[in-house]
Each structure stands twice: as structure tokens, then as C-alpha cells.
Amino acid sequence: MTENVCILVTGMHRSGTSAVTRVISLLGAGLPTGLLPAGEGNQAGFWESADIVELNNHLMAEAGSGWDDWRRFDIGALPADAIERCRREAADVISRTFAGTGLIVLKDPRISRLLPVYLDALSDVDAAAHVVLMNRNPLAVARSLAARNKFSVPFGAMLWLRYMLDAEQGSRPVPRTIVRYEDLIADGPATAARLTREIGALHALGREVIPDEIASFISSGLQHQQADASELAAAPDVPDVVGEAYALFEALADKDNAANRKRIDELRQRFDGEMRQAGNVAMGEIYERQREYSNLHTYVSDRLKERESELRSLRGSLGHARRELKTLNLESAKVQEFRLNEHSKSTRIMQKLLESEKRAIALAEEKSGLEIQLEEGRAETGRLNLELQQIRAELARLTGQPWRRIGPVLRRGLGSVSRAATRTAGTVRAIRYLGLRTSFTRARQIVEDEGPAALLRKVRTVSDRLHPVGAEGVSVWHPGPPELIDERAEFVVRLAGRAAPNRPADPSVLILSDTQLPQCWKYRIENKLETFRLNGIRAEAGDPGDLYKFLSELQNYRSLMFYRMPMSDLFMIYHDEARRLGLNIFYDLDDPTFDRVALGSNANLNMIDPVHRTMQLRDAPKFRQAMESADHLLASTPELAALMSAAAGKKPASLWRNVVDQAGIRLSGQILAEPPRRHGQTVRIGYFSGSLAHEADFNEALPALVELLRDSHDIELMVAGHAEPRAELRPFAHRMRTVGFSDYESYLREVAQCDLVLVPLVDNAFNRCKSIVRYLDAALVEVPVVASAVGDYSLIDNGKTGWAIQRNEWLPVLSKLVEDRKLREHVGKSARKFVLKTFTTAQRPPDFARNIREEFFGKSHAAA
């Protein structure tokens, strides 16, 4: 008795041959190598050898037939050498499959019609055969073929009949098991147990049926078409002989005996006789059409291959052209960088020339002033010499006269000395009131800006307008030219002698700001006022230019806060009166305008005109002097606080971060509740520039934007605010939108129309002081932000509440976000939750020391 057993699975296509083959393999039978991959119509797998399928197709084609031919197939009519070759090749595949196992399963529905060849092949390799014949309702098979192959139902039913008749006849010489497809689907484990019992080799393995694994495989969507016996009987387009055959095969499955086999033989003879002539005519025509189609398909395929070859060649040329273009772009970028460097050098040279010219003008003015003073001194000296000569003459004439006649002469002679003393006394009183440090700071500022001559004129102006009257030394004001320093001197005279009123008992603050920029005013003024009022603090803000109103208002507050005001006579008027009233003076900033090093590191300043840049650098000491004169410093970021403290002589600087106010929260809620104005798949990327000094920042993200726009046509770019045109973006002008500055509501609605917002920043000392106001605005309307990982943008939880990235990460991060809409929406919603929980006027208290908190918020708040 042979040791090797091959289970041959037969039956019509779409009858469940693949499913039963997999079940048999799960029971322990080996599968051939080189299986066909799962595909359309059989996602669970075919479980059949690609070599066997190719062999069977070739053999049937040699006989002028195919798998879809329902005519009688006479294998004996084939040339002997063809049959022998097929037998050898089948034996070779079977031998390879047996390697390492004594039990294999071989499946291809075509074997149903070639069983004599395969039984001979098994004999050649000394292996026994056991045939498994799958029986399924022919109407369900025909419907499945109609869905997969577009066959008509009658045609599919005739194919089923031919396969079943050939498989039944060819399997009679060997043991066989007939399996109903419906039983396999209804109870896979039970069918597996039956196969184990009836196939001796499976039984000999002693492997237990694995119900869960088999049931799981059977339930994985194998059955797509269903039909029962009543539907088959009622189907008008299925030949009667098919229904009769199905009933006979059902009976054979119950009892495989001679009587049932005889009835099937009679039906086979009748079918072959009735269908011989009609089948030859019909199938001959079909195969002729198939040959024509095959020839046409071959022609089209050849032409398609030629076109694909041309396309590959064109793609290669395009790739080469793109590489050349990239090389040219790199060379162009180098040229542009060289031009920028040359422009920067030219700008620095121009700045030095401007500074030299300014210094020359100042020296000329100083020289002119000194010459005038020299002439005045010479004239004064001549006049005093003349008076001295007159006094000497008068003294000589009056020698021996009583003292009362000498007194008037002495008084006249000492007049000039008295006037000089008066002028000196006025200057001393002004310095004594203003304070030595403040007077020196102001004098240094005048010398730096206007020269020593201007300082002398200012001193003379102040001193000449102060004249002591009476024994108490109370000063009066003499009208003069309407210069600001004269106004300051007027306030010195009018207010210095008055007693300061008692400070208000309630915590209160007046904020004065020298800027009306909407964003600065909103985040550093309005939001402070709201924070104060939410805590029950009386607060007001105003323009320091309205001098008489707010100077008189100072007495109604406990504290004065300056925001972004440089040192000036106007600043010192408020400062002096606050000192007289005993107010605490705070100084608030959100940019390092006082630090020339930080300003010089800002690459954006190189992008603006040299005059504007020179003015910013020149005014830096004025901001530092204003800071030095305050009691307490406030900053919007930790980095800025550290710089302010160092610049003001280690004076402590407290942190008051920028936050969103209640009005912004309400407005964003209204915007989110409105239906979106944009539809479709286009992704809109937004860049919002606050001023002209953001040009270098935009260049951080420019290369990634250009590549994204070039590679995808579903991207738009919206630029809001100040932004110079870029040559790199010119090819995409039709996909760009530019909007100007607007009010906050319009601006926030523009942000809400974006799918993501960019905040690129050059990593320098200036930008590390920046707060995250752009992030706060975008988060309010659930738009995710991609920002440079600079300064306070490190507060973003990367990938969860936004992205804070390095320069080389712009392209991969933006590419991912452009493709993943759900990720953008998720991060946008998380960003809004983060801001509402952490960065609002109600949720984010300023980081104050206890004494500052008590000054602003009172003792109860300070204790908390």
C-alpha cells in the first residue's frame, strides 16, 4: 500500500472548491508552492497552483477548447505526445508538493475535465488518489459567474452541468467524497469532521478538527449568491436537464451507489446526444470571436506597451529637466544670496554714511553754537570791563565820600553777578526737583540726539524762566516759546510746590500707550483692562498726547503703567507728576525695542528701508532710559523679561503673557457656529504678517511652500497684511489670494477660512522674545498652526495642539497635513480647548511678585 495520498478537489468554478481546499489544508494536508494570489471575486484565496492552472489551460487549448466550453471534451482525441507531456508536468508538480509530507491537496476546477491525466500522473509518482467533488445549486453558480464573468445564466448553468458530469465519470475509479456547498457554509466544522472520517489519510493523521479556526474562515464572507431547489425549478432560463442533474447529484451525495450512477449515465448520454450539434455550432462561433478578440487584445497591448515605453522615456526626460531646473534654481538662489549680501553691505555702508553725515551736521551745529557763545562771552566780557572801569572811576571820584553814596554804585556793579547767580539757582532748583539721575539721563539724551549746544540752550531756557520772588523762594513762570521742555518746566513750577493728595484706597491703574497699532492695543491694553475688571480693579487707558486730561487724572489712581513709550519730555511730565503723587510706576513691553543687539539680530530689519532701520536702532536707548525710570517692569515672555531685567540694572521684571479676551471667545464661537463658506478638496494655507518687518521670517517656509504648490494643484495660499511679492511664487499667482489689514472680526473670519496657518520665524534674539498671539487667534477658530520652534512657540504640544518645528521639517509636516484632513481638524479642536483652558483673561493670572500683585489687586488677591 502506497504511503502518499493526493486529495483532488473537483467541481465547477464558483462551487466552493477553494473553500473546501482550505479546510482540508487546515486539517493537515499540504498545499503546493506558487499559489495564485487572492483576487477579485475570491478575496479569501484560490489555494491552487499557478503551474497547474497554466498546464491545464495549455492542454485544453491544444484540444481546441477552454475552461468555459460546455461541449463534451474527449481527451483521447489529443495527440499522444501532448497527453504524455501534460502527465509528466503534472507528476512533477505533484512530486514537488509531496516534499516533506505524505498527504497533499490539489485543486483546480479544470481537473474535473482532465481526471484521467491526473490519475495516471499520481500512478507515476506512486501516490493514491481521493477525489472530493463539490456540488452546489447550479442557479447560484450561474448567478456568481454572471457577476464575475458577465456570462448569461443559461450559459453558466450548462457549464456547471458539463463540469459535474465529467468529474463524476472521471472519479469513479478511486475513492471519493461528494460535499454539498450549502452544508460547508452552514456548518464548516461538521463538514470537516466528515472529511476526516471518509478520507483515510486525514483520519490517520489523528489531528483534531479545529472548529473555531474553520468556522472563522467559513464565515469570512465566502457566500455572495444563494438559491434553493424551488428557485432552480422555477427559473425559466435554466434548461430542464440542469435541474434533473442537480437532483441526481444530490441523491448521489446521500448514497453513492450503482443505481444513482446509472441514472447519471443515462442523463449524460441524452445530454451529449441532444447538445452535440447545437454545442459545436454555438461554441465554435464563440471561440472564433474569442480568437478575434485575443488578436485585437494582443495588438492593443503591443501598442499600449509602446506608448508606455514612450511615456517612460518622456518621464525620464521630464525628470532630467526637473533636475536641471533644480540645479538652475540652486544657482539662482546662490546668485540671489550674493545679491542680498551685496545689498546688505551697501546698506551698511549707506547707514555709516548717513551716520557720518548726521554727526557732521551735529558737529557743525555744535561749532556754530560755540562760536555764538564765544562771541556772546566776548561781548559780555567787554561790557563787564567797561562797567568795571566806570566803577573804578566812580570810586576814585567818590574817595572820602560817605558810604551811602557808594552803595548804589556797588549795587549796579554787582547786578551782572546777581543775574548769573539767579540763573544758577534756577538750574539747581530744577535738578533738585527732577532728581540727579533723571536730570543726567535727560541731559545725556539731548547730547546724543542734538549735541552739547542744544543742552546749553535748554538749560538757559529753563533757568531764565525761573525767577525767585520773596523770602520763601516761591518761583513764578514767565511765558516763553511753546517748546515741550518749556511745558515741562511750567509743570515743575506749578506743581512742585504743592502737597500731594492722599492716594485712592482702592487698587487702580491708569495705562498710557504711545502706540495705536490694533494688535498691540488689543493684547497689551484692552486685555489688561479686562483682566483688571474681572478681578474688581478700576482701570483706564488713554493716549498720553491728551496731556491735560490724563495728567489731571493721575491723582485718581494708585499706579501708572507706561506701555511702549520711549523717553521724552512728554514721558517725563507724566513720570514727574506720578513721582509727586507717590504712584507706583510700571513699564510694559512686548518687544526688545530697548536692546540694540536684539534689534540688530533681527534679519527682518535688513528687509526694510535703511532710514527706518536706523531710526529703530537710534531710539533703543530712549526705551532703555524709560525702563530705568520705572519701579517695576512687565514683559510678555520669559525671554523678554530676562532681557529687560539685565538692561535695567538687574531690576526684577514680571511676566504678563498675552491672552485672549471674552469678546474674542464670543466672536470665535459665532464664527464656528456659522456654515463654512468654502467647500471642496482644496487646502488653504494662511500666512498673516503684522508689519513690514516680517519679510525674512516668511523666507523660512518659502522653499517648502513652493515645492508643495508645484507638486499639488489642490493647495491655495492666502497672505494677509504686509508681504513683498516673491519671484518664486509668481507661477502660482492664480492660486494665491492677498488681503490687507482689517478690523479684528474681519481678520479672525479670514483665519477661519484657512485649513492651517503658518508662523515661520528666524531663530534670533528678537524673535525669541515674541509671544504666541498668531497661535491664539488661529486656535480660537480651530485652525491648526505650524510654527518655527522659536521662543514661546515651544509651549505648543507638538502634534497635539499644533506643530513647533525646525527649518528642515517644513516640507514633511506640511505635506502630511495637506493629505490628512482629519488630523488637521482634530489638532484644531485640541488647540482651541488648550487656549480656552490656559490662555484667557479669566484663566491666566499674571506672574507677579507679591508686592506687585498687592499693588494691582489688593491684599486679598496677593495672599491668594
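The first residue of the sequence shown is numbered 1, and numbering continues consecutively from there.
A salt bridge is defined here as a Lys NZ or Arg NE, NH1 or NH2 lying under 4.0 Å from an Asp or Glu carboxylate O, and Asp595 with Arg624 fails to meet this definition.
To the nearest 0.5 angstrom, Ser668 atom OG is 11.5 Å from Leu776 atom CG. Once rounded to the nearest 0.5 Å, the distance linking CG of Asp847 with OG of Ser654 reads 7.0 Å. Atoms CD and CZ, from Glu750 and Phe688 in turn, are 6.5 Å apart once rounded to the nearest 0.5 Å.
Looking only at atom types and distance, the side chain of Asp777 has a donor-acceptor partner in the side chain of Tyr747 under 3.5 Å away. For the residue pair Ser636 and Asp590, no side-chain donor N or O sits within less than 3.5 Å of a side-chain acceptor on the partner. Between the side chains of Glu530 and Thr841, a donor-acceptor pair is found at a separation under 3.5 Å. Glu540 and Tyr557 are linked by a side-chain donor-acceptor pair at a separation below 3.5 angstrom, with hydrogens and angles left out of the test. A donor and an acceptor atom, one from each side chain of Arg538 and Asn556, are nowhere located under 3.5 Å apart. For the residue pair Asp697 and Asn767, a side-chain donor N or O sits within less than 3.5 Å of a side-chain acceptor on the partner.
Residues satisfying the side-chain contact (heavy atoms from CB on, under 4.5 Å) test with Arg579, not counting sequence neighbours, are His575, Ile585, Asp631.
Judged by distance alone, with hydrogens and angles left aside, the side-chain atoms of Glu526 form no donor-acceptor pair with the main-chain N or O of Tyr523 at under 3.5 Å. A donor-acceptor pair under 3.5 Å links the side-chain atoms of Asn764 to the main chain of Phe766, judged by distance alone. Side-chain N or O atoms of Lys651 include one that pairs as donor or acceptor with a backbone N or O of Ala630 at under 3.5 Å. Judged by distance alone, the side chain of Ser645 and the main-chain N or O of Ala642 form no donor-acceptor pair under 3.5 Å. Under the 3.5 Å distance criterion, the side-chain polar atoms of Arg558 are matched with a main-chain donor or acceptor of Pro504.
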Margin query: If you apply the rule salt bridge (charged side-chain N to carboxylate O under 4.0 Å, His left out), what do you find for Arg657 with Asp792, and how did you get there?
Written below: CA-CA 10 Å; Arg657 290 191 185 277; Asp792 254 18; 2.3 Å; yes
Margin query: The test is ring-ring contact (aromatic ring centres under 6.0 Å, His included); show your working for Tyr775 and Tyr793 and say whether it passes.
Written below: CA-CA 8 Å; Tyr775 173 81; Tyr793 281 91; 7.1 Å; no
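Taking both residues in full, the closest heavy atoms of Pro760 and Phe698 are given as CG-CA, 4.0 Å, listed atom of the first, atom of the second, then distance.
Relative to the ring axis of Phe623, Arg564 does not place its NZ or CZ within 45° and under 6.0 Å from the centre.
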